[in-house]
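Here is the structure we will look at, set down as C-alpha cells.
To find a chain, count down the sequence lines: A is the first, B the second, and so on, and within it residues start at 1. Excluded from the calculations below are hydrogen atoms, water molecules and symmetry mates; all remaining heavy atoms, backbone and side chain alike, are included. Everything quoted here is computed from the prediction, not taken from an experiment.
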Protein chains: 2
Amino acid sequence: MSNQAARRTRSLSADKRAAILAGAKRVFLRDGFAAGSVDAVAAEAGVGKQTVYRHFGSKDALVEALVVGMCEAIDWSAPPDASSDPRATLRRELNAFVLGLSTPGSVQLYRAIIGEAGRQPEFARLFFEAGPKVIRSRVASVLCGELPDSEASEAAAILVNLALGDAYLELVLGITPPDPKRFERQIDAALELVLPSR
Amino acid sequence: MSNQAARRTRSLSADKRAAILAGAKRVFLRDGFAAGSVDAVAAEAGVGKQTVYRHFGSKDALVEALVVGMCEAIDWSAPPDASSDPRATLRRELNAFVLGLSTPGSVQLYRAIIGEAGRQPEFARLFFEAGPKVIRSRVASVLCGELPDSEASEAAAILVNLALGDAYLELVLGITPPDPKRFERQIDAALELVLPSR
DNA sequence: GTCTATATTGAGATAGAC
DNA sequence: GTCTATCTCAATATAGAC
C-alpha cells in the first residue's frame, strides 16, 4: 500500500537543510543579514536557490532560523567540577564564558545581533536570555555561598563585566585579536577585587 | 574679469550638504548602512538624488563622511570643575560619559559601528579612538593622583567598564530603556570598589 | 525534491533639462 | 547647482523541467 511513501509527503532532506543553515551561517555572519544574499547561501551550501525557498520560504525566515538555532546552541558554561573552592569554580566558569564568547562565530553573531538590535529586538532578547543572562545566574549561584544573597547578584554582574573587560570591546571592534592570557588576567583581577584572598 | 566667479568653480551649497548629512544620519542609523538607500536619504533631506551624488560621489563615501563626522563630533567629557575631590571629579566624568553614550544617536551609532566592525575596521577604530579611549585616559589621569601609576591605567579601565555595566549592554540590546539612576548606582558602586571611602 | 531559467522589483549611478 | 527621468544590475521570489 502506502506504507513506504505514506508519511514522506512533505519530507525534505535533513542533510540539505543542515547544509543550507551552514551556508547561511557563513554568508550572513560574514556579510551581514541585509547584504548577504540567498544566491550566495545557495552557492555556499551547494544547492539550488529553489531548494532554499522550499525549506525556509523566505530570506527573513532563513535568517530567523539561523539566529534561533545559534542562540539555542549557545552553551558557554563550564562542566561541573568536584572542587569546593568557590574561587576556582568561578575562575573556571568565567574562563569558559569568555572563551565561548571569543570564538569567531560568537563574535560575528554578537556583532550581527547588536547591529540589528534596533530592528530585530526579538533576536537581541533571544541572545541575551541564552547567553549573558545564563552566565550571570550561574555566577550568582556560586556567590550565594560566599556573600549575603542581597550582594550576590550585584557582585555576579560585576564579575562578569570585569571578566570581559576592555579585551572584549576591543575584540568585537576588531582592534585587537583574541588573547586568552589577557582574559585570564582580567578574571584574576576581578576575583581579587570582589573576593579578596586575604 | 573672473574675479566674481573665479573661485566658485566647484562651490556646492553648504546648506544642502548639511541637510544631506542630517538625512543620512536618520536613514542609516535607523535602517543600517546596507539597507539604507540613497533614495531615502535624498527624500529625507528634501533634495534630488543627483544632488547627493554631486556632493558625495557615492553611497560609500556618504556613509564614510557621516561616520567620520559623527566620530569627530564625539565629546562625552565633563566640563572641568574646581573641586579637588578626585572621587567627585570621577563621578562627574563617568556620569557625563555614560549619559553621552546613552543618547539615542550614540546608541544607534554604536550599534551600526559594531554591526559593521567585521567589514569596516576603520570605522570601529575611529569610534574607539574618539570615544572609549579618550575617556579611559581622562579617568586614568585623575587616578594618577590617587594610585601608583602602574595601577592607575588598569583601575581606569575597571572604572569605565563598571560605569557602563549591565545597564549599557541591555540598553544597546534594546532590553531595557535608558535609566540614568541605574547608571549612577553603578558608578557609585564602582567608585566604592576601586577607591574605598574608608 | 531538486535544479535551471526567468519574472519583477528596487537600488546605485548617470544623462540631460532648467 | 539642482531636479526629473532613465539606465543597469543585482537580489528576492517563482515557474517549469527532470
State whether R91(A) and E192(A) are salt-bridged, where the test is any N-O pair (Lys NZ or Arg NE/NH1/NH2 against Asp/Glu carboxylate O) under 4.0 Å. no
Does a side-chain N or O from H55(A) land closer than 4.0 Å to OP1 or OP2 of dT2(C), or not? yes
Residue pair S77(A) / D75(A), side-chain donor-acceptor N/O under 3.5 Å: yes
When the C1' atoms of the five terminal pairs at each end define the local axes, what inter-axis angle does the helix from dG1(C)-dC18(D) to dC18(C)-dG1(D) show, to 10 degrees? 10°
Roughly how far apart are E116(B) CD and F28(B) CZ, rounded to 0.5 Å? 11.0 Å
To the nearest angstrom, how far is I20(B) atom CD1 from dG1(D) atom C1'? 11 Å
Are V142(B) and F97(B) grouped together when hydrophobic residues (ILVMFWY) are joined by side-chain heavy atoms under 4.5 angstrom apart? yes
Looking at E170(A) and R182(A), is any side-chain nitrogen of the basic one under 4.0 Å from a carboxylate oxygen of the acidic one? yes
Under a 4.0 Å N-O cut-off, is there an ion pair linking D31(B) with R119(A)? no
Salt bridge or not between E44(B) and K25(B)? Use side-chain N to carboxylate O under 4.0 Å. no
Generate the contact string for nucleotides 4-16 of chain C. Rules: B means base contact, S means sugar-phosphate contact only, - means no protein heavy atom under 4.0 Å. B------SBBBB-
d(L143(A) CG, E151(A) CD) to nearest 0.5 Å is 10.0 Å
OP1, OP2 of dG1(D) versus side-chain N and O of S13(B): anything below 4.0 Å? no
